[in-house]
There are 2 protein chains.
Amino acid sequence: MATLSDVARLAGVTTATVSNVLRNPGKVKPSTVEKVEAAIASTGYRPNLMARALAEGKSSMVAMVLPDITNPFYPEFVAVAERVARDRNYFLMVCNTPDRPDIGLAYLKQITGTLAGGVLVLDTGILPGDIEQISNRRAPIVLASNEAIHYDEQVPHVVLDLHRAGEIAGQHLVELGHREVGAIVGCGLAGRQIVRLGGFESALQAAGLSLAPEHVRDTPDTVEGGRAAAESLLAANANITAIFATNDLMAYGAAQVLAERGIAVPQAMSLIGITDIHLARDMRPALTTVALHTETMATLAINLLLDLIEDPGHQPRSVKVPEPALVVRASTGVVAAI
Amino acid sequence: MATLSDVARLAGVTTATVSNVLRNPGKVKPSTVEKVEAAIASTGYRPNLMARALAEGKSSMVAMVLPDITNPFYPEFVAVAERVARDRNYFLMVCNTPDRPDIGLAYLKQITGTLAGGVLVLDTGILPGDIEQISNRRAPIVLASNEAIHYDEQVPHVVLDLHRAGEIAGQHLVELGHREVGAIVGCGLAGRQIVRLGGFESALQAAGLSLAPEHVRDTPDTVEGGRAAAESLLAANANITAIFATNDLMAYGAAQVLAERGIAVPQAMSLIGITDIHLARDMRPALTTVALHTETMATLAINLLLDLIEDPGHQPRSVKVPEPALVVRASTGVVAAI
DNA sequence: CTGAAAGCGCTAACAC
DNA sequence: GTGTTAGCGCTTTCAG
């Protein structure tokens, strides 16, 4: 592949000049610009981004590490993050860390500041302690959506009120008159989605209700997990009138079980999730859920990361996602008259 | 961040020695290995992968460009490609090229050989002509799943018999006794999924049937697209007994329309897709489909790319995915007696 | 306005 | 075994 000096030689100038026409046009006389551009065209020259990054001391690439790209939440996040990053002239590389936090950590150690100028870490079960050790001024790490972890203000992160999300779901069911409800709690790499459940329970308690332990199921954060949990819930509790899942994917699995058993949604059973992935809108009956504002979150997160890259002293070091919002669709209804 | 020479200074050796303990252990005396390792540990040194790539003349990163990460086929592909790449000590960066082939091409031009040692291109509507111009010996490009394009043997690619996939779907419906069927044809970046449709039609023809133009709908390759097409099909053709969609995502959309209208699947209407994404297995009724062997395809594709990177002369330059296979689930059945 | 020269962090001969 | 040296391809002062 043609290099800068190939181009320079062909144009009869030095590499410094070629570099200038590429990066500081205007500093070079139009006539030589022409010559250089001709040389570039004829050689098919493309700058070596690694060499540039080395010389400049900064990379045009940012990375994102996430636990499971087949969980639709992440692709939706990635799609917008990529667009925002591209608008700001960065490449986005996404790293999937199937199941194991140690892989995520290994990735992080290898690429932070060496391949990527910054990294956005989602839900990978990596602890702030490890993060701080790896991060450094010019290669920041931003954490997002990692609910089980308590951040201090040092580590840059995106604040998302997952407790409130659970609470909103709970309030909605309470308002519809539900008294006996089941809960499906996801357990992924990020740990048990306990904060969401906590919010949900607090809404019930505020209404003088409570969530019995036998109405709760822990399960993997997948469609299959949701299905298994719903089956177990149904088998053990004949009297529940609503099911809350800590995310939409599991709610989707639960919906299938209900459909298979001929349990009408929402007439005989209400169903509510959290997140508002595309699938929630697409499924039938469409899923009532609590929107986490994925697009906004992704935009804020990636912008924070890029701000931090471009200005290590950037303040504030954390950013807040708007409060979760109830999206009422077809899967919830008033509890049937007894 | 600590550099090689920081470590060397601290250990009282030169950078060459440090480099050796990192890459050619055994060439260095155990006692100095210890000193160096102590220095590495105390500085928290991590090699700069860009500098290494520059010096070695090759990158440990490969890229994958794809048109729509929110289409679940791609995440499923990515997940396995990433794992295989990691096993071979490469990082995988994925680039999403939302809708526009020009973005895909721009990505490709920028990263091929400069950030990524090789690129896997899926369905992005980029033409082999452009590819050849960009590719070069040390940074190969592998094309996969780009059905509308005719490859010559020069450009490395993955061969997938999409015509056969359509044919298998058609044969299945024919065998079940369907005579009047509708077809939903996806139109994404890769162009109209015409090859699949062609296979489907040839199966009908072999049975003495034909697919009337008014039974065919072109639509975007999404859930929403599938839904719109199904509605249109149903509105215009009261007598069809089966619907074929050129991929599962659209079949999923069609299934929702059928459910909403109370059209029983498969009793009143059979439904078949192509690909076998997870959703096909997860939806209810579970979708009969023609498996494209995504995992195998991804494995073959990424391995071909890495082989080509490690040996530019590697033969063969293309690789064949096993024939598509019918997966019978719950969405197809014998045509109802009249 | 353009050239010369140093250096980003690392690897890889090749000496010693 | 370990050090010396020369680059990888680019950017960036600083002279001219």
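Protein chains get the first letters and strands the later ones, always in sequence-line order, with residue 1 at the start of each. Just so we're clear, the structure is a prediction, and the values are computed from it rather than from any experiment.
More than 12 heavy atoms of other residues, nucleotides or ligands sit less than 6.0 Å from atom CD of A/Gln110. Residue A/Glu56 places its CD atom among more than 12 non-hydrogen atoms of other residues, nucleotides or ligands, all under 6.0 Å distant.
Here the side chains of B/Leu300 and B/Leu304 are not in contact, with every heavy-atom distance at 4.5 Å or above. Under the 4.5 Å side-chain criterion, counting only non-hydrogen atoms from C-beta, A/Asp68 is not in contact with A/Asp123. Using a 4.5 Å cut-off on side-chain heavy atoms (C-beta onward), B/Asp221 and B/Asn71 make contact. Side-chain contact between A/Pro72 and B/Thr70: absent, with no pair of heavy atoms (C-beta onward) separated by less than 4.5 Å.
Rounding to the nearest 0.5 Å places CE of A/Met1 at 10.0 Å from CG of A/Asp6.
Remark: P of C/dG9 and CD1 of A/Ile111 are 19 Å apart, rounded to the nearest angstrom. Rounded to an integer number of Å, the gap from B/Lys27 NZ to C/dA12 P is 10 Å. Spacing between atom CD of A/Glu56 and atom C1' of C/dC8 amounts to 11 Å, rounded to whole angstrom units. Taking atom CG of A/Leu4 as the reference point, atom P of D/dG7 lies 18 Å away to the nearest angstrom. One can place CZ of A/Arg46 at 13 Å from P of D/dG9, the figure rounded to the nearest angstrom. Per the geometry, NZ belonging to B/Lys58 stands 11 Å off P belonging to C/dT11, to the nearest Å. A/Arg23 has its CZ atom 18 Å from the P atom of C/dT2, to the nearest Å. In this structure, A/Lys35 atom NZ and C/dC1 atom C1' are separated by 12 Å, rounded to whole Å.
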Report, one pair per line, the protein and nucleotides 3-5 of chain D atoms (nitrogen or oxygen only) whose separation is under 3.5 Å.
| residue | atom | partner | partner atom | Å |
| --- | --- | --- | --- | --- |
| D/dG3 | OP2 | B/Thr14 | N | 3.0 |
| D/dG3 | OP2 | B/Thr14 | OG1 | 3.3 |
| D/dG3 | OP2 | B/Thr17 | OG1 | 2.8 |

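Side-chain N/O atoms of A/Ser5 include none lying less than 4.0 angstrom from OP1 or OP2 on D/dC10. The side chain of B/Arg52 contributes no N or O atom lying less than 4.0 Å from OP1 or OP2 of C/dG9.
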- [ ] Run the numbers on B/Leu66 and B/Asn96 for side chain to side chain contact (heavy atoms under 4.5 Å, CB included), then give the verdict.
- [x] CA-CA 5 Å; B/Leu66 43 84; B/Asn96 193 42; 3.5 Å; yes
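Taking every side-chain heavy atom of A/Ser19 into account, D/dT12 is the closest of D/dG9, D/dT12, C/dT11. Relative to the side chain of B/Ala55, the nucleotides C/dC10, D/dC10, C/dT2 differ in distance, and C/dC10 lies closest.
Backbone-only contact: A/Thr32 has heavy atoms under 4.0 Å from sugar-phosphate atoms and none from a base.
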What donor-acceptor contacts under 3.5 angstrom involve side-chain atoms of residues 45-54 of chain B, with partners at least two apart or in another chain?
| residue | atom | partner | partner atom | Å |
| --- | --- | --- | --- | --- |
| B/Arg46 | NH1 | A/Lys109 | O | 2.7 |
| B/Arg46 | NH1 | A/Thr112 | O | 2.9 |
| B/Arg46 | NH2 | A/Ile134 | O | 3.0 |
| B/Asn48 | OD1 | B/Met50 | N | 2.8 |
| B/Asn48 | OD1 | B/Ala51 | N | 3.0 |

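Helix bend of the helix from C/dC1-D/dG16 to C/dC16-D/dG1: the angle between its two end axes, each built from five pairs, comes to 40° after rounding to 10°.
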